[in-house]
Each structure stands twice: as structure tokens, then as C-alpha cells.
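Below: one structure, written as C-alpha cells.
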Protein chains: 2
Amino acid sequence: MSRRSVQNGKREQILRAATDVFSRREFHAVPVEDVAIAAGVGKGTLYLYFPTKEQLFYATILEALDVLIAELRAAVRAHDGENALTAFVACMLDFFRRRRPLAMLMHRYEHRLREPEGGEWRARRVQMVEVARALVASCVALEPEAATLATEMLLASVRTAVLNQPDGEDPEHTAATVVRMFLHGAAAGRRNGKSTRRGKGAAHARAVGARP
Amino acid sequence: MSRRSVQNGKREQILRAATDVFSRREFHAVPVEDVAIAAGVGKGTLYLYFPTKEQLFYATILEALDVLIAELRAAVRAHDGENALTAFVACMLDFFRRRRPLAMLMHRYEHRLREPEGGEWRARRVQMVEVARALVASCVALEPEAATLATEMLLASVRTAVLNQPDGEDPEHTAATVVRMFLHGAAAGRRNGKSTRRGKGAAHARAVGARP
DNA sequence: GGTTGGAGACTGACTGGTCAGTCATAAAGA
DNA sequence: TCTTTATGACTGACCAGTCAGTCTCCAACC
């Protein structure tokens, strides 16, 4: 099964197609054949690479998350303090901006994080949260539990930003806004002190806040 | 169809069962008959009250949201400024604490807010956001776009809190923490200035932050 | 009081259709 | 030739929605 097919990249081809199709329609509403067609292979071929529809589905998420976590760790390594936190958020925004279907996929199936089948996914989320928690702790002096709480709040904001960022937005810039707001409160979301620079302010609102 | 059945409250009985069943399993993985069994009626009966499975599903969400919006407006009316904002958040927390399955349901199908079929749901969310936005604007002087962004950030935090609040937690207390953190930043999440009161701090972390 | 007839609420077996996963066969490569 | 990879027709299971028939209630009549 492995040698030739791996060379052909058929597995990746199938994963990409699956991400795309599952991100648009509910798992149970997607016939396996539709994924096969999107991947440009026969239905039977799909079962050569993944034992079940379910495992194909989770492979799309888990393999992508492994890449994300590696990128996050690399991004964070080069900074410290508030800069590292901003780099973390910017990395997330950038990663998902380059992978819209993946972002939609993870949004659509987010509830599986709370279900038994989502164990592997949950484990990866824990790794990611741990990276974030360490950064938060290095920025704000908080007791452990309070730091966990604060981290979840930050990640909730990042999630909102990821789901709403338009193509043209600069991740660094949005990240800076999110982090500033997180650390210093809503009022501090303004550019500096009193008034927001016109263009940028509007761009932020589009980037992070408004539903499309 | 109406007289006897309305008296028997069979419609509400079906809605409650549907909320319960759909909150636990994926829409397409739930046979209509399972909802009927949970409601203690025959499958055919279900189709006397709701024309399709899909419409039954949306009825559970829409009718509940109408109640929530009414409660929110009432809760807010009695306060102003930061107190009103806290009352809003506390009302949300309380509403969903009394309706766990509904909270899980809305979490599971949240992605439908972005899809065409979710139009009615989206419209109700807009109403709710508008209430929140007005409160945020009354607490922090922000330009309209920035206020929208800030409101979405607050609602993201509330969402996290709703999904993680344990049974015993006091909504007012959690709400105060969320609002304080939102307005004044992560560092202000601490009880007052420097150190958190032990017990309460831990309770908050459990309430709002940690995944179960 | 007791009986009867009919309206409408209720039911679940049935139908037409769909789908996950299999496997016999074909094609490609060594 | 022989092995590996690919395919899609096929099978058994499942399900949304229907509809012919049952049951319950009540009003009208004896």
C-alpha cells in the first residue's frame, strides 16, 4: 500500500479533499463517495488509506494540529513576555488564514472536544493550551487557577478572531489588538489612550468582531 | 389537532425531548423515532406538531432564544452602567445553568449560525448582540466598530463561562469576574489589586476556565 | 343513566431511497 | 508473469416521512 502511493501523495490529496468537504457539510450528511470524487479517486481507494470514514475525519484534524503546535512552539521560541504572547496569537491567526477550510472544520465539530471519541483531539488542545498558559503566566502575575481561566478567555477571543478575520488582514496587527485588549481591558483596545487611528480601527472591527 | 393536544402540552413535551436528544447526538445520527420515544409519543404524532425533522430541530432553539432575549431585556432594565453589563452576563449564565441540554445543543450546532438555514437563529443572535453592544458602549467610550469588536470578545468569554460553569457556582459572582476582566484586563481579574482570596479564586477557575 | 356515532388525535408498519464498507476484477508496474 | 494498487457495483442496514387504521373523547339521542 505504502511506497508508490506515498510517492504519489494520494494520501495528502484525500486528506485535503476530506477537510474541504467535511468543513462544508455535516459528517453524517457527507457520503464517502463525495470525498472520493473531490479527491479524484475511487471510493475503494479511500479505504486503502483510511480504515473508516470516522478515522479519515479525525486524521484531517489531528495531522493539521500537529503542524500547528510545532509552528506555535517555533514562533514563541524567538520572543518573550508580551511579544511572545502576541507572536502566539499571530501564529494562530496566520495558520488558520492559510487554511480556511480547516478553521471551518474545527469550528463545525468543536463540540466533539467534549465527547469520548474526541480524546486525541482534546489531548492536542491541551498541549496548545499549555503553551498559551505559560505565556500568559509570564505576562501577568496570577495564581495557577486564575491563569488557566485567563488563558481560556484569551483563547476564546482568538477563536472569535480566527473565525472572522478577512483575507487581507495582517495577523500581527490583529494579534496585537487582541493581546492588548486581553491584558489591559476593553478600554485599552483603543490605539493609544483616547482616539483610534481611523483606518486601522475600522479594519480591526472587521477583522475580529463582525459576523460576516 | 389543537384543542386536546395543547391542553396535554404534548408540543412542549416533544420540544423538551428533542432538545435533550439532539444535544447528545448529531442531528443526522438521531432517528426521528428516538425523539418520539424520548417524548413518549408515536413517531407519527411528532409529524402532527412539526412538519419536518429539521423544523422540529430549529423550533427547540428559536423558541428558547425568544425566552432568553426577553429575560435579558428584563434583567438589564433594572440597572445601568457596569451593573447592567454584569446583570446581562449573570442572566445568560443563569439561563443556561437552568438549561444545560439547551446550552449543549447550541454549542453543538453553533456552526449553523454561519449557514443559510440558520437565518432565524442568526437574527435572534443579532438581537442579543445588540443588547450587549449597547451596554458595552455605555461602559467604555469606543467608536462603533471598536464597540462591536469588544462586544464579540465579551460574548466569547461568556460562551466559555456558560460551557464550563459547574452546577453550584453563583452566576452573579462569575459574571462579576468576567465583566471585571473584560473591562480592566487579565491582571484585574484578581480579586482586588494583588492577591486573590483563596477559595473564591479556585472556584472561579473551575467555573469559567477549565475544560471538564 | 346509558348508548351510539363521528371527529380528530394518535400510531407504527411500510416505502422509496440512501449509505458505509466489501470484494471481484482490472490496470499498472516490476 | 506476478504483485501492488485502484475501482465501482453490490449488499445489508438504516431512515424520513406517509397513511391506513385504531383509539379517545364527547355530544346527541334514547
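Per chain, numbering begins at 1; letters A, B, ... match sequence-line order.
Atom NZ of B:Lys10 is separated from atom C1' of D:dC23 by 12 Å (rounded to the nearest Å). Atom pair B:Gln55:CD and D:dA16:P shows a separation of 15 Å (rounding to whole Å applied). The nearest whole Å value for the distance from the CG atom in B:Leu48 to the C1' atom in D:dG17 is 12 Å. If you measure from atom CZ of B:Phe50 to atom C1' of D:dT18, you get 19 Å, rounded to the nearest angstrom. What separates CG of B:Leu46 from P of C:dC10 is a distance of 11 Å, to the nearest Å.
A:Leu56 contributes atom CG, which lies 8.5 Å from atom OG1 of A:Thr19 (distance to the nearest 0.5 angstrom).
Within 4.0 Å of B:Lys43, counting heavy atoms only, lies at least one base atom of the nucleic acid.
Across residues 17-38 of chain B, B:Val30, B:Pro31, B:Val32 each have a non-hydrogen atom less than 4.0 Å from an atom of DNA chain D (numbered order).
For the pair A:Arg98 and A:Asp94, the salt-bridge criterion is met [side-chain N within less than 4.0 Å of a carboxylate O]. A salt bridge is defined here as a Lys NZ or Arg NE, NH1 or NH2 lying under 4.0 Å from an Asp or Glu carboxylate O, and A:Glu26 with B:Arg112 fails to meet this definition. Here A:Glu12 does not pair with A:Arg16 in a salt bridge; the nearest charged N to carboxylate O distance is not below 4.0 Å.
Among residues two or more places apart in sequence or in another chain, the side-chain contact (heavy atoms from CB on, under 4.5 Å) test is passed with B:Val129 by B:Arg125, B:Thr151, B:Glu152, B:Leu155.
For the residue pair A:His111 / B:Glu110, no side-chain donor-acceptor distance below 3.5 Å is found, with atom types taken as modelled.
Comparing atom distances between the B:Lys53 side chain and each of D:dT7, D:dA6, D:dG17 picks out D:dG17 as nearest. Checking C:dT11, D:dA6, D:dG17 against the side-chain heavy atoms of B:Tyr47 singles out D:dG17 as nearest.
Counting heavy atoms of neighbouring residues, nucleotides and ligands inside a 6.0 Å radius, atom CG of A:Asp66 exceeds 12 of them.
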Interface polar pairs with nucleotides 23-25 of chain C, N/O, under 3.5 angstrom:
none

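The distance between the ring centers of A:Phe27 and A:Tyr109 does not fall below 6.0 angstrom.
Taking side-chain N and O atoms only, B:Tyr49 has a distance below 4.0 Å to OP1 or OP2 of C:dC10.
In terms of modelled atom types and a separation under 3.5 Å, the side chain of A:Arg133 and the main chain of A:Thr148 share no donor-acceptor contact.
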